[in-house]
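Worth knowing before you read on, the calculation uses all heavy atoms, side chains too, and leaves out hydrogens, waters and symmetry mates. Quick caveat: nothing in here was measured; it's all calculated off a predicted structure. Counting convention: from 1, in listed order, for ligands and their atoms alike.
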Amino acid sequence: MSIMFISWCFVGFISLPQFQVLVNAQGTYSRGVYSDVVKIGGLFDGNDATEEAAFKHAVERFNSESAALRRFAFNAQFERVLPENSYDASAKVCSMLKGGVAAVFGPQTHESASHVQSICDAYEMPHVETKWDYRIRKENYLINLHPHPSTLSRAINDLVEAFAWDKYVIIYEDEDSLFKLQDLIKGSVPPRRNAILKLLPPSQDCRGIFREILRASDIRKILIDCDARKLENILKQAQQIGIMTYKFSFIITSLDLHTVDLNHFKYSEANITSFRMVDPEKPETQSLLREWASLTLNSDLATVSHGRGNYFVGDQSGGSSRRNVYIPGFSMEYETSHAIMIRTDIALIYDAVQLLGKALHILNQTIDVKSLDCDSSDTWQHGYSIINYMKMVQMQGLTGLVHFNTSGFRTDVSFDVIQLKEQGLTKIGAWDSKFVAKFNWTKLDVSEAEQDESAMDLRNRTLVVTTFMTDPMTMWTRSDAPLQGNARYEGFAVDLLHRLSLMLGFKYIVKPVNDGKYGKLDKEKGEWDGMIREIMDGVADIVVADLTVNKERQEAVDFTMPFMNLGISILYVVPSAKPPSLFSFMLPFSLDVWYYMAFSFFGVSVILFILARVTPYEWDNPHPCIEDPDELHNQFTFLNSFWFTIGSIMQQGSDIAPKAVSTRMIAGIWWFFTLIMVSSYTANLATFLIVQDLDVSIRSLEDLPKQTKAKYGCVDTGTTAAFFRNSPFPTHQEIWRKMVEMNKKHKVFMKKNSEGLKRVAEGEGNYAFFMESTAIEYNVERNCKLSQVGGPLDSKGYAVALKKGSKYRQAFSSGILRLQEQGVLDELKRKWWKEQRKENQCPAGGDSDSVKPLRLANVGGVFVVLIGGCIIAAVFAFTEFFWQSRQLAADDGVSVMEEMMKELKFALACRGGTKQVYKKSSSVSDNDNGTER
Ligand code: GLU
């Protein structure tokens, strides 16, 4: 909707019936309703009737609020002075003082205002101003509600710093406006920052300046300081020259950007930012605008389109069916009565009247206005108190907190930071003069509607996509025919981009990154390189590549949702097979098992030998034909015991068979033991003889710094190098130190993955390369010489990168999420990792880790059973022994203990395989073996 300048003269305005009511009401308040009526004067000198109308309305509003509380009322007096005519202004203020007023408001032009101020000072009359004045000075009887120039200057400087503008053009209206920009031009800005000052031509034609900006490829930022009424025209010129695009940013210093018709620019994507003092969402602002609406809608105000000097904004909603109603200083939508805007100086007039009212209320005295003659030196006794109370009062007005410091300057000022979006000006943050943190950025809720809008907007865009040529992300298409444009590239990233473009409707041009780098921050220069730099500079719109998200980069560009997860790992050669060992038959058992087996063999043989001697049932008649032998024979001699155990372990058996329960018990247990051990050995032996042992010198990250044979490195401008460079862990730090050191002689840092790969493959174990697991997976599938060593060292993701603050980020993130949910990302990964360009299939390599010698833990149970068996056998042997000793003791007529000791002595002497048989008739004698019965 085009802007409508209405002509509406002051006379016309006040002749409207509604406003006549207002004006007529003044001076008719009776002391019966209000305890007091205070006259105040207003001086107006511009062509603009708005301020005067606002003043009247402000008084009326105050009086209606005051009536409810039965306090005093204001009686407004007006004088219209000739613009910039100080003589007229002096005459009018004198006549006003003569009539007796409690305060003087206005006028607006600097010259008249200074004269009025000196008269007010002389007669101790409070003087209230609301206009921006670079000369805002400290006068005893003056109060100005407009923020001090130094406050504005600070806010503007802070905004430029917050946006990190380093090279920009300032277009300023006149020397006065430089006061607003003083911080920016001289003060606290870093020297690196480079501002080019351009004076706004008197003709207001800025096309020449904009053309120059367009030609200078490094300037993308423009600060415009001029009256809001000129802004629409200037922005239109920028549009004509072609700089009203997403590549350009504007800061507008006027506090009235919200009153400018920005409909033409809201789809331009240009970043237009400004400050605002009046919050249209505030209930007070809305109620004020509703009042104006009801005053105007009943009249034919909307169609009365005359009146000079007022500026208005069209319907920002863009809805053609809506009708806008324009009243001076305001604009609102007819249908919804939704307040859109109010000029800052108008809001300040409202606040000024309220402030005076509040001060008088707190002063709580009967205010007798006095007739003052400019020819006398008489002064007004209440003036000093009133102005001091006004400075003391704190209140929430339309322009935020109204609060003054002791010098009478507004303090604790806060501004909304607003930015032009498709839906109109939107608050993106707030600046507060009292906070050191300066800005409080609003976290914008991106509604689904907005997301859809940005996605819609993408439909008409052709994006320049920067990428990195690396397998299998972006590769040259293999084709016999010459290819053109995007067809020259293929790979995962290209397919992903294609899917996103189908989903979001944008077109794209793929271009490999110019400097062949991913993106690294040079901390000394504070400059980025690679794809990150291209995004920052606007050379490209997005990155679709194996670009890893990290904290540093996130500060420079915006990332979407990651589309692939990965971690850093080590790429190394497949270990070669070791020559087979001469003693490979030993391999099925670990050495300790062999030791334990030998010990068991020895132990069981000895136990068998002892138990066989202890148990009486192993003592046999050596000559069965002799019924009553003199001596008994035991087959388990020391040697025979060993022979028995070795025979069974070798699965051969022997001619010796145990007869006593105890010896049979131990034999059984030993056979069980040998059964398990021999089967385990046989089972493991086959594998050991087939599988070759590998010569592995690097098995994990920790092995790297310990060895000197293999050098190691990574891509120099990527996040892998950044990971080691910034890691707090000692091992990583040591690896980084060594890599930097090695790089001096051996160039271990590579430009891209393919260089590292080549070196690993050709290096025969002399080079290991830190690479992202996705790339390792891809290359290990294709090059059988390569393998991954160890697991991932970290966890991160690849994502699409866009310019900081890009409105398309959400649309891209949603697109990636949708592709993930539909399984498209998995499908693309399978296609490019497992299927495409896979010429050779690596033989499934024998994994040396899968065959391991059996450890004690594997076969420990068998040893336990063996020990248990031995113990039980021993118990049996001693039971049998005890039993036999009891009988012999009875026959001998000695005690069982004595008999047992005698038998035990013989058995444990371990000498001889025969013993003499005890015969009741025969005398006890020593036999050959020295055993006496
Ligand atoms: N993907 C990495 C990056 O975005 C590059 C490769 C690497 O550093 O290993 O920086």
Please identify which of these residues, Lys796, Glu552, Lys520, meets the side chain to side chain contact (heavy atoms under 4.5 Å, CB included) condition with Thr719.
Lys796
Looking only at the side chains, is there a donor atom on one of Glu269 and Tyr808 sitting less than 3.5 Å from an acceptor on the other?
yes
Give the atoms of ligand 1, by number and element, whose distance to some non-hydrogen atom of Leu547 is under 4.0 Å.
4 (O)
Considering the heavy atoms of Asp546, write down every atom of ligand 1 situated less than 4.0 Å from one of them.
1 (N), 2 (C), 3 (C), 4 (O)
Any nitrogen or oxygen of Tyr518, main chain or side chain, under 3.5 Å from a nitrogen or oxygen of ligand 1?
no
For residues 819-827, which side-chain donor-acceptor pairs fall under 3.5 Å, sequence neighbours excluded?
none

Passing candidate, ring-ring contact (aromatic ring centres under 6.0 Å, His included) with Phe812, options Phe506, Tyr508, Phe559
Phe506
Under-4.0 Å heavy-atom contact with ligand 1, by part of Tyr798 that carries it
side chain
Can you tell me if Arg553 contacts ligand 1 (heavy atom of the residue under 4.0 Å from the ligand)?
yes
Is there a side-chain contact between Ile532 and Lys517 in this structure, where contact means two heavy atoms from C-beta onward sitting under 4.5 Å apart?
no
Does the side chain of Gln419 pick up a donor-acceptor pair with the side chain of Thr426 at under 3.5 Å?
no
Ligand 1 versus Met473: contacting region, heavy-atom distance under 4.0 Å
neither
heavy-atom search around atom 6 (C) of ligand 1 in the protein gives Glu772 OE1, 3.8 Å
Under 3.5 Å: N/O of Thr720 near N/O of ligand 1
yes
